[in-house]
Amino acid sequence: MNNHPYHLVDCSPWPLTGSIGALTFVSGMVKMFHMQSFILLFFGFLILILTMIQWWRDISREGTFMGFHTMVVVSGLKLGMILFIVSEIFFFISFFWGFFHSSLSPVMEIGMSWPPSGIMPFNPMQIPLLNTMILLCSGVTITWAHHSMMESNHDESVYGIMLTLMLGTYFTILQMYEYFESSFCISDSVYGSTFFVSTGFHGIHVIIGSTFIMICLLRQLKFHFSSIHHFGFEAAAWYWHFVDIVWLFLYVSIYWWGS
């Protein structure tokens, strides 16, 4: 028995396998771009998936069955999640900085206009507006799931998480359709670069958040969460609200004002 409320993590192979998977995945991407070979990329992706599954399994086991996630540990986890989201905020601030630097004072090379000459931007009243409504609705459904969980209403919390996951998947599908229908690409001046890098990284965050929520759905179906002990889901909800807010800034600045 420990005489302290902290969790001293046991030795784990997953940080090492995760690093190997990330190295293999990035190397596979380079090989895919230059040699059109997908084998190394597939193995890197497989290593990452297997690492994530087993790492999440261990953490869920520690927090749910072994009692290692005490109130002191949860407090530290909350602080860590807050600092992680703050770092993500500054990550996206760099993209907005690049966008406004180029759009507020367009240079001669792009025709001294924004959008640059020859660029046909998206209509902000079509798919971008629909995606905005989808993400706003997903923020409502995940809040519904959270309050249902705090009230020990298992069924409604499952429904809320499922709806959030469906809306996040729908958003990703529409974003992919928008990319395929785009009249410009990432190499079309600074407009294409800022548009695809900022919206693309946001799309990656939506996929990560959807994966996070899917894990929470599986855990909730197995009754891992209680009304007072559910930080795994709470962290996913915080992350999802962050993704929602970033999209609102993207929609207003890049899609609406920038078009």
Side-chain angles (χ1 to χ4, degrees), residues 22-23 25-34 41 44 48 80-136 138-139 168 170-212 238-259:
L23 175 63
F25 184 79
V26 174
S27 302
M29 287 185 66
V30 174
K31 191 173 182 180
M32 178 193 70
F33 290 145
H34 291 277
L41 181 68
L48 286 176
M81 190 66 192
I82 291 171
L83 292 175
F84 169 69
I85 291 176
V86 169
S87 71
E88 292 284 275
I89 291 172
F90 280 96
F91 178 73
F92 278 98
I93 283 176
S94 64
F95 298 144
F96 286 109
W97 188 292
F99 170 77
F100 285 111
H101 174 81
S102 302
S103 60
L104 290 175
S105 181
V107 295
M108 186 181 302
E109 286 77 8
I110 59 173
M112 301 185 70
S113 63
W114 193 268
S117 302
I119 295 290
M120 183 68 70
F122 291 102
N123 186 343
M125 295 296 111
Q126 294 180 348
I127 290 180
L129 181 60
L130 176 58
N131 266 344
T132 302
M133 298 307 298
I134 289 171
L135 278 189
L136 290 177
S138 70
Y170 188 30
F171 175 93
T172 302
I173 293 172
L174 287 176
Q175 191 78 33
M176 290 174 60
Y177 174 77
E178 184 181 63
Y179 281 1
F180 283 123
E181 293 296 313
S182 174
S183 61
F184 58 93
C185 64
I186 194 171
S187 60
D188 283 330
S189 77
V190 69
Y191 184 90
S193 301
T194 54
F195 176 85
F196 281 106
V197 170
S198 56
T199 59
F201 268 109
H202 176 268
I204 292 173
H205 282 70
V206 171
I207 294 173
I208 294 171
S210 298
T211 307
F212 203 169
W238 290 358
Y239 187 83
W240 196 254
H241 288 308
F242 157 74
V243 169
D244 288 353
I245 294 171
V246 170
W247 175 258
L248 289 177
F249 280 98
L250 284 172
Y251 175 75
V252 171
S253 59
I254 294 180
Y255 283 99
W256 180 63
W257 180 84
S259 64

So, using side chain to side chain contact (heavy atoms under 4.5 Å, CB included) as the criterion, who are the partners of [X] when residues are at least two apart?
X   : answer
F33 : M29
M32 : F38, L41
I85 : M81, I89, W238, F242
F96 : F92, F100, F249, L250, S253

For W240, all residues meeting ring-ring contact (aromatic ring centres under 6.0 Å, His included), sequence neighbours excluded: none
Is Y251 atom OH crowded by more than 12 heavy atoms from other residues, nucleotides or ligands, each under 6.0 Å away?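 Correct, the count exceeds 12.
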Tell me if the CE atom of M125 is crowded by more than 12 foreign heavy atoms within 6.0 Å. yes
For the [atom1] atom of [X] and the [atom2] atom of [Y], what is their distance to the nearest 0.5 Å?
X    : Y    : atom1 : atom2 : result
L130 : F171 : CG    : CZ    : 10.0 Å
N131 : I173 : CG    : CD1   : 10.5 Å
L23  : L48  : CG    : CG    : 10.5 Å

Which pairs would a plain distance check flag for residues 182-190, meaning a side-chain donor or acceptor within less than 3.5 Å of a matching protein atom at least two apart in sequence or in another chain?
| from | atom 1 | to | atom 2 | distance (Å) |
| --- | --- | --- | --- | --- |
| S182 | OG | F184 | N | 3.2 |
| S182 | OG | F184 | O | 2.6 |
| S183 | OG | M120 | O | 3.1 |
| D188 | OD2 | C185 | N | 2.9 |
| S189 | OG | Y191 | N | 3.3 |

Contacts of T132 meeting side-chain hydrogen bond (donor to acceptor under 3.5 Å, both in side chains) (sequence neighbours excluded), chain-then-number -> W247
Report the C-alpha separation of F122 and I127 in whole Å, then their side-chain angles, then the decisive distance to 0.1 Å, and conclude whether the side chain to side chain contact (heavy atoms under 4.5 Å, CB included) test is met. CA-CA 9 Å; F122 291 102; I127 290 180; over 6 Å; no
Report yes if some heavy atom in the side chain of W257 is under 4.5 Å from a heavy atom in the side chain of S103; otherwise report no. yes
Side chains of residues 198-206: which donor-acceptor pairs under 3.5 Å do they make with residues two or more places apart or in other chains?
| from | atom 1 | to | atom 2 | distance (Å) |
| --- | --- | --- | --- | --- |
| S198 | OG | T194 | O | 2.5 |
| S198 | OG | F195 | O | 3.2 |
| T199 | OG1 | Y179 | OH | 2.7 |
| T199 | OG1 | F195 | O | 2.6 |
| H202 | NE2 | V243 | O | 3.0 |
| H205 | ND1 | F201 | O | 2.6 |
| H205 | NE2 | E88 | OE1 | 2.2 |

Checking W97, F99, F91 against F95 for ring pair (Phe, Tyr, Trp, His ring centres under 6.0 Å), the one that qualifies is F91
L129/N123 under side chain to side chain contact (heavy atoms under 4.5 Å, CB included): CA gap, chis, key distance, verdict: CA-CA 9 Å; L129 181 60; N123 186 343; over 6 Å; no
